[in-house]
Amino acid sequence: MTRPDGLERLLRWLARRVSGPAVLLDRAGVPRHAFPGLPEDVIEQASADVERVVNGEARAAAADIGTGVVHIQAIGERTRDAVLVVARPEPFSSATRAVIGDASRLLALRWRAEDLGRRRHALDEAEAHAREAVLHLLLVGELQAARRVAETMGPSLADEIRVYVVEGPPERRDESAAQCDRASGGRAWVVRCPIYTGHVIALAPAPEPAGVMEGMLRRYAARSSGVAVGRGDTVPLPEMASGYGQAFHALAVARGNAEHYAVFSPRGDLAALIRPRGHAWARGELAPLHDYRPSRVQDPDAAELTATLGSWLDFYGGAARQLKIHRNTLAARLRRIEELLGRDLDDLETQARLHLALRVLDGRGRIGVAAPLETILRTPDVRHWAEMQLSPLASRPLLETLRVWLGDDARLEATAAALGISAPGARKRLTRIEGLVGRSLLNGPSARYDLWFALKVHDS
């Protein structure tokens, strides 16, 4: 009975002992296990007696049918957990009924254990979905709603956080989540990433006491095969999306270093840099989307379409999983966004401009004198920012690879063809660039948009 298939084994043993079929029904009377097969004619002929036991009107019943006799017995001493139905050609002797009674007690124990396991799994699934919901609420700016859910489930969300992203084999994700929980002393909000199946995201209160969490996760990454950890800077809770992006970029570096652990290295934030003068430009860039009012109540409004655009720019097809919508719904929303903006979203320049506009409007900061984006990009501070982004790429082949890749709308096959190398060779170069610039390029959230602007400023 302790084996994974113990319930089926015992039912098989019982059927052989009584020389007839044995069936286990759940509380609703639905057959769950049967050996050697489900005798539908027997269940139908004894249906009235089966129904009495299923409904709790009797603990046991017996019925004569054309092909023999049927013994029906409730499983469980105090509650009716399930119902056992056994049939055979000849009447049941007292010894056979005793065997059925003994077997039914073991079946009740195993059924109860499996039922508890199913309920535990359902609760775990519900908790995982609730934790994902808090992450989603933070990403779309619903701070108070996220706090209320977190307060109910525990732990609370801190005012300032550091985001960790732990990557490992998908089958070890529960282990990674447990490591984050232990390392934080139960103070971090730990979520299994809804987009990347091997990722765990931890929102840890900052500052951490004595760097305990960082130290434990460093050791975990160093000793565990296939595990890498990226950590972002301290950010206010409303800027969790920025902190997640930082941790994700750090993870791209961690994959290639000896420790398999990396902390985000700031190289300047273009959105923060241009926000004072670029706020009006960003508002104008997204005005058709923000001013949209749906004609039907059931259609997505401006806020939903804006959140969809932001998620898609970060995760492309993975946005459907993050937003918990069907991929056809995502495609329909993107078509509507294209119509409203009058832009082709497959164009990388369009993506870069919209992504920058969203980031400018999302952040906090003083709003200064308005100016067109092209004018802002010619300022000395932006030129310095661009130099910082590209300075690690001293190798001409790497810089040329980046330029071709971005020029081909970040399509790997087209890039490989243009460079005259294989697709794996192009990917290897881009992975090398990820390590040098300390940013993720091939997976979202990607730094491709920032590097597109850096190259534009550099080349002009």
Roughly how far apart are [X] [atom1] and [Y] [atom2], rounded to 0.5 Å?
{"X": "Gln389", "Y": "His458", "atom1": "CD", "atom2": "NE2", "value": "12.5 Å"}
{"X": "His355", "Y": "Leu270", "atom1": "NE2", "atom2": "CG", "value": "11.0 Å"}
{"X": "Ile433", "Y": "Leu402", "atom1": "CD1", "atom2": "CG", "value": "5.0 Å"}
{"X": "Ile195", "Y": "Arg321", "atom1": "CD1", "atom2": "CZ", "value": "6.5 Å"}
{"X": "Glu8", "Y": "Leu24", "atom1": "CD", "atom2": "CG", "value": "9.5 Å"}
{"X": "Thr306", "Y": "Leu358", "atom1": "OG1", "atom2": "CG", "value": "7.0 Å"}

Verify, without hydrogens or angle tests, whether [X] (side chain) and [Y] (backbone) share a donor-acceptor contact under 3.5 angstrom.
{"X": "Arg173", "Y": "Thr197", "result": "yes"}
{"X": "Arg383", "Y": "Arg378", "result": "yes"}
{"X": "Ser460", "Y": "Val457", "result": "yes"}
{"X": "Thr350", "Y": "Asp346", "result": "no"}
{"X": "Ser440", "Y": "His249", "result": "no"}
{"X": "Asn257", "Y": "Tyr261", "result": "yes"}
{"X": "Ser422", "Y": "Gly425", "result": "yes"}
{"X": "Ser446", "Y": "Leu442", "result": "no"}
{"X": "Glu127", "Y": "Asp124", "result": "no"}
{"X": "Arg448", "Y": "Leu441", "result": "yes"}

Steps toward side-chain contact (heavy atoms from CB on, under 4.5 Å) verdict (Arg231, Val163): CA-CA 6 Å; Arg231 196 211 82 188; Val163 182; over 6 Å; no
Using 4.0 Å as the upper bound for N to carboxylate O, is an ion pair formed by [Y] and [X]?
{"X": "Asp450", "Y": "Arg359", "answer": "yes"}
{"X": "Arg192", "Y": "Asp174", "answer": "yes"}
{"X": "Glu434", "Y": "Arg439", "answer": "no"}
{"X": "Glu114", "Y": "Arg110", "answer": "yes"}
{"X": "Glu285", "Y": "Arg343", "answer": "yes"}
{"X": "Arg112", "Y": "Asp115", "answer": "no"}
{"X": "Glu400", "Y": "Arg403", "answer": "yes"}

Is the number of heavy atoms from other residues, nucleotides or ligands within 6.0 Å of [atom1] ([X]) greater than 12?
{"X": "His384", "atom1": "NE2", "answer": "no"}
{"X": "His326", "atom1": "NE2", "answer": "yes"}
{"X": "Lys428", "atom1": "NZ", "answer": "no"}
{"X": "Arg118", "atom1": "CZ", "answer": "yes"}
{"X": "Arg255", "atom1": "CZ", "answer": "yes"}
{"X": "Glu338", "atom1": "CD", "answer": "yes"}
{"X": "Arg427", "atom1": "CZ", "answer": "no"}
{"X": "Arg223", "atom1": "CZ", "answer": "yes"}

Are [X] and [Y] linked by a side-chain donor-acceptor pair shorter than 3.5 Å?
{"X": "Tyr292", "Y": "Glu339", "value": "no"}
{"X": "Ser156", "Y": "Glu151", "value": "yes"}
{"X": "Tyr316", "Y": "Gln351", "value": "yes"}

Using every non-hydrogen atom in the two residues, find where [X] and [Y] come nearest and quote the distance to one decimal.
{"X": "Val190", "Y": "Cys180", "answer": "CG2-CB, 4.0 Å"}
{"X": "His260", "Y": "Ala221", "answer": "O-CB, 3.4 Å"}
{"X": "Gly278", "Y": "Val360", "answer": "O-CG1, 4.0 Å"}
{"X": "Cys193", "Y": "Ile201", "answer": "CB-CD1, 4.0 Å"}
{"X": "Val54", "Y": "Ala28", "answer": "CG1-C, 4.2 Å"}
{"X": "Ala204", "Y": "Ala188", "answer": "CA-CB, 4.0 Å"}

Do [X] and [Y] touch side chain to side chain, with heavy atoms closer than 4.5 Å?
{"X": "Val229", "Y": "Arg218", "result": "no"}
{"X": "Arg162", "Y": "Phe264", "result": "no"}
{"X": "Leu390", "Y": "Leu455", "result": "yes"}
{"X": "Leu157", "Y": "Leu138", "result": "yes"}
{"X": "Leu25", "Y": "Leu84", "result": "no"}
{"X": "Leu354", "Y": "Leu313", "result": "yes"}
{"X": "Phe453", "Y": "Trp385", "result": "yes"}
{"X": "Arg411", "Y": "Trp405", "result": "no"}

Can a cation-pi geometry be assigned to Arg131 and Trp189, taking NZ or CZ under 6.0 Å from the six-membered ring centre and within 45° of the ring axis?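 Verdict for Trp189: a cation-pi partner in Arg131.
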Begin from the C-alpha positions of Arg147 and Asp159 and carry the test salt bridge (charged side-chain N to carboxylate O under 4.0 Å, His left out) through to its verdict. CA-CA 10 Å; Arg147 282 191 180 279; Asp159 293 330; 2.7 Å; yes
Please report the C-alpha distance between Leu345 and Trp312 in whole Å, then the side-chain angles of each, then the deciding distance to 0.1 Å, and finally whether the side-chain contact (heavy atoms from CB on, under 4.5 Å) criterion is met. CA-CA 10 Å; Leu345 291 182; Trp312 181 78; 3.9 Å; yes
One pair to check against side-chain contact (heavy atoms from CB on, under 4.5 Å): Val83 and Ile75. What are the steps and the verdict? CA-CA 5 Å; Val83 172; Ile75 298 296; 5.8 Å; no
Worked verdict on Asp301 versus Arg293 for side-chain contact (heavy atoms from CB on, under 4.5 Å): CA-CA 6 Å; Asp301 59 15; Arg293 298 294 181 272; over 6 Å; no
Centroid-centroid under 6.0 Å between Tyr196 and Phe248 rings: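 That pair passes the under 6.0 Å test.
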Please walk me through it: do Glu175 and Tyr220 pass side-chain hydrogen bond (donor to acceptor under 3.5 Å, both in side chains)? CA-CA 11 Å; Glu175 174 192 305; Tyr220 176 58; 2.9 Å; yes
